[in-house]
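Reading through the structure tokens given below for one structure.
Treat the numbers as computed from the prediction; the structure is a model and nothing was measured.
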Amino acid sequence: PSYRSAANAYFRSSLRREGGEFFQELVRRDRSALTIIDSDFVIVNDRLSTHYGLPLVRGGDFRVVSLPKDSPYGGVATLASVMTTTDHGMFRPIYRGDWVQKNLFNRPLPPPPSDVPELVPNDPRFKGKSLQQQLALHQEHAKCAVCHVRLDPLGYAFQEFDAIGRVVQGPAAKTLQTNGSLPNGERYANVREFRSIMLERYRDDVIRGLISKLITYGRGREPSLGEREWVERLLVRARQTDYRMRPLLLSIVESPEFLH
């Protein structure tokens with residue numbers, strides 16, 4: 001049945017809860033905030049356990065389930081709820097790369113100018129070309145390239161997943177191009193390498209973004225330019241406590257900048 005059909009209502013409601021359940025687990029067990037980048041577990045109920053191809057969990061309650069070694073899943077970027085909301089047909093690497101920029105790096109890009117050419121699947125220039133070649137052609141337009149060079153290379157990592165976050169299987173999997181690059185130019189071959197590089201090279205970028213988002217959520221406005229030093233102090237304290245969630249949250253809410 002279609003994702004939006006009545007038969008999949010329980011699946012959709014499970015996806016809506018998935019991200020919140022994941023975050024609650026980090027706080028409840030005082031896990032490292034780096035788990036946002038990569039984790040060896042997922043938080044699932046009965047419906048999502050089968051969706052991820054894991055041993056069946058019984059009942060609608062969410063619980064921790066360990067992932068097999070070398071699983072493509074791990075962290076928040078590969079949650080089925082994220083994959084579903086970032087699916088836009090064949091050009092999904094753009095939208096999934098945009099999600100990474102906004103939610104892991106906390107560097108949202110402005111909307112495209114109104115005069116840039118629209119990407120259409122039936123563009124005659126795309127005939128016989130791979131998706132990466134098609135997107136490279138689109139970047140020949142200077143106004144398009146400004147954003148796409150920062151989005152597309154991040155989004156290719158998630159080509160292993162279909163429109164609703166299942167791992168692509170069978171012959172289709174053999175034709176996928178899952179290689180890309182990070183902002184520093186370092187290349188990855190697949191989503192596992194993507195997470196590994198993110199964890200090693202970009203952990204502070206991700207935690208800095210998380211701190212800013214938590215401040216925004218807690219007081220209803222983003223940190224100002226004048227508060228960058230405060231965010232950096234919070235980042236230093238996060239490092240000192242191994243990025244654990246509870247000390248991180250406490251350091252934010254107990255800050256004079258947050259209280260006044």
Side-chain angles (χ1 to χ4, degrees), residues 18-43 64 67 71-79 81-83 85-86 96-109 150-151 153-155 157-158 180-186 188 191-259:
E18 183 183 31
E21 295 286 345
F22 190 94
F23 185 79
Q24 285 184 48
E25 170 65 17
L26 302 192
V27 178
R28 183 167 53 241
R29 302 286 181 88
D30 197 19
R31 292 181 182 267
S32 169
L34 298 177
T35 307
I36 289 171
I37 302 174
D38 195 9
S39 65
D40 58 3
F41 66 89
V42 287
I43 311 293
V64 176
L67 289 167
S71 171
Y73 296 110
V76 297
T78 60
L79 295 180
S81 51
V82 173
M83 293 293 95
T85 58
T86 55
R96 290 177 173 173
D98 186 51
W99 188 94
V100 171
Q101 282 284 7
K102 287 178 181 176
N103 295 286
L104 292 186
F105 289 120
N106 196 32
R107 299 169 188 162
L109 300 181
R150 299 167 63 185
L151 301 178
L154 297 173
F158 308 100
S181 60
L182 278 296
N184 66 353
E186 191 167 0
Y188 62 81
V191 72
R192 300 162 192 80
E193 286 191 8
F194 173 87
R195 292 198 304 264
S196 178
I197 297 171
M198 287 286 290
L199 197 56
E200 182 178 355
R201 309 284 192 203
Y202 293 96
R203 60 175 58 191
D204 279 0
D205 295 272
V206 173
I207 301 305
R208 184 183 293 110
L210 174 63
I211 290 169
S212 294
K213 287 181 177 297
L214 289 171
I215 291 171
T216 303
Y217 179 81
R219 68 176 189 179
R221 60 183 174 86
E222 297 179 356
S224 66
L225 290 176
E227 292 175 324
R228 284 183 177 177
E229 183 181 341
W230 172 36
V231 173
E232 292 304 311
R233 290 201 311 271
L234 292 170
L235 177 59
V236 170
R237 291 173 68 178
R239 286 195 211 105
Q240 294 169 344
T241 55
D242 297 323
Y243 301 97
R244 285 171 26 242
M245 279 301 301
R246 288 184 182 179
L248 173 57
L249 290 170
L250 285 172
S251 68
I252 292 172
V253 300
E254 293 176 349
S255 299
E257 293 89 342
F258 186 86
L259 296 170

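Note that OG of Ser39 is 11.5 Å distant from CG of Leu34, once rounded to the nearest 0.5 Å. Note that CG of Leu210 and CG of Asn103 are 11.0 Å apart. Values are rounded to the nearest 0.5 Å. Distance check: Leu151 CG to Trp99 CH2 gives 14.0 Å after rounding to the nearest 0.5 Å. The distance from the CZ atom of Arg96 to the OG1 atom of Thr78 is 10.5 Å, given to the nearest 0.5 Å.
Closest approach of Leu225 to Arg228, counting heavy atoms only: CD2-NH2, 3.0 Å. When all heavy atoms of Phe41 and Val64 are compared, the pair lying nearest together is CB-CG1, 3.8 Å. Across every non-hydrogen atom of Asn106 and Ser212, the tightest pair is ND2-CB, 3.5 Å. Across all non-hydrogen atoms, the minimal contact from Ile207 to Ala238 is CG2-CB, 4.3 Å. In this structure, Arg203 and Leu199 approach most closely via the heavy-atom pair NE-O, 2.8 Å. Closest non-hydrogen pair, Val76 versus Val82, comes out as O-CG2, 3.4 Å.
Residues satisfying the side chain to side chain contact (heavy atoms under 4.5 Å, CB included) criterion with Leu249, sequence neighbours excluded, are Val27, Leu214, Met245. By the salt bridge (charged side-chain N to carboxylate O under 4.0 Å, His left out) test, Glu229 is found to be paired with Arg233, residues two or more places apart in sequence or in another chain being considered. Residues meeting the side-chain hydrogen bond (donor to acceptor under 3.5 Å, both in side chains) test with Asp40, sequence neighbours left out: none. Arg150 meets the side chain to side chain contact (heavy atoms under 4.5 Å, CB included) test with Gln101, Leu109; sequence neighbours excluded.
At most 12 non-hydrogen atoms from other residues, nucleotides or ligands lie less than 6.0 angstrom from CZ of Arg237. The environment of Arg246 atom CZ is dense: over 12 non-hydrogen atoms of other residues, nucleotides or ligands sit within 6.0 angstrom.
A donor-acceptor contact shorter than 3.5 Å links the side chain of Ser255 to the backbone of Ser251. Under the 3.5 Å distance criterion, the side-chain polar atoms of Asn184 are matched with a main-chain donor or acceptor of Glu186. Using a distance-only test at 3.5 Å, with no hydrogens or angles considered, no donor-acceptor pair links the side chain of Glu21 to the main chain of Ile43. Distance alone, capped at 3.5 Å, places no donor-acceptor pair between the Arg208 side chain and the Val231 backbone. Under a 3.5 Å cut-off, the side chain of Ser71 and the backbone N or O of Tyr73 do form a donor-acceptor pair.
Listed by first and then second residue, the ring pair (Phe, Tyr, Trp, His ring centres under 6.0 Å) pairs that reach into residues 194-215 are Phe105-Tyr202, Phe158-Phe194, Tyr188-Phe194, sequence neighbours excluded. The salt bridge (charged side-chain N to carboxylate O under 4.0 Å, His left out) pairs that include a residue from residues 210-226 are Arg219-Glu227, where partners are two or more places apart or lie in different chains.
When each of Ile211, Leu234, Ile215 is tested with Pro223 by the rule side chain to side chain contact (heavy atoms under 4.5 Å, CB included), just one qualifies, namely Ile215.
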Could you go through the side chain to side chain contact (heavy atoms under 4.5 Å, CB included) check for Leu104 and Ile36 one step at a time?
CA-CA 8 Å; Leu104 292 186; Ile36 289 171; 3.9 Å; yes
Quick one, Thr241 with Leu248, criterion side chain to side chain contact (heavy atoms under 4.5 Å, CB included). Give me CA distance, side-chain angles, the key distance, then yes/no.
CA-CA 8 Å; Thr241 55; Leu248 173 57; 5.9 Å; no
Pair Asp205-Arg107, side chain to side chain contact (heavy atoms under 4.5 Å, CB included): steps then yes or no: CA-CA 10 Å; Asp205 295 272; Arg107 299 169 188 162; 2.8 Å; yes
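Residues Asp242 and Pro247 have side chains not in contact (no heavy-atom distance under 4.5 Å, counting atoms from C-beta outward). Taking 4.5 Å as the limit, every side-chain heavy atom of Thr35 sits out of range of all side-chain heavy atoms of Glu25.
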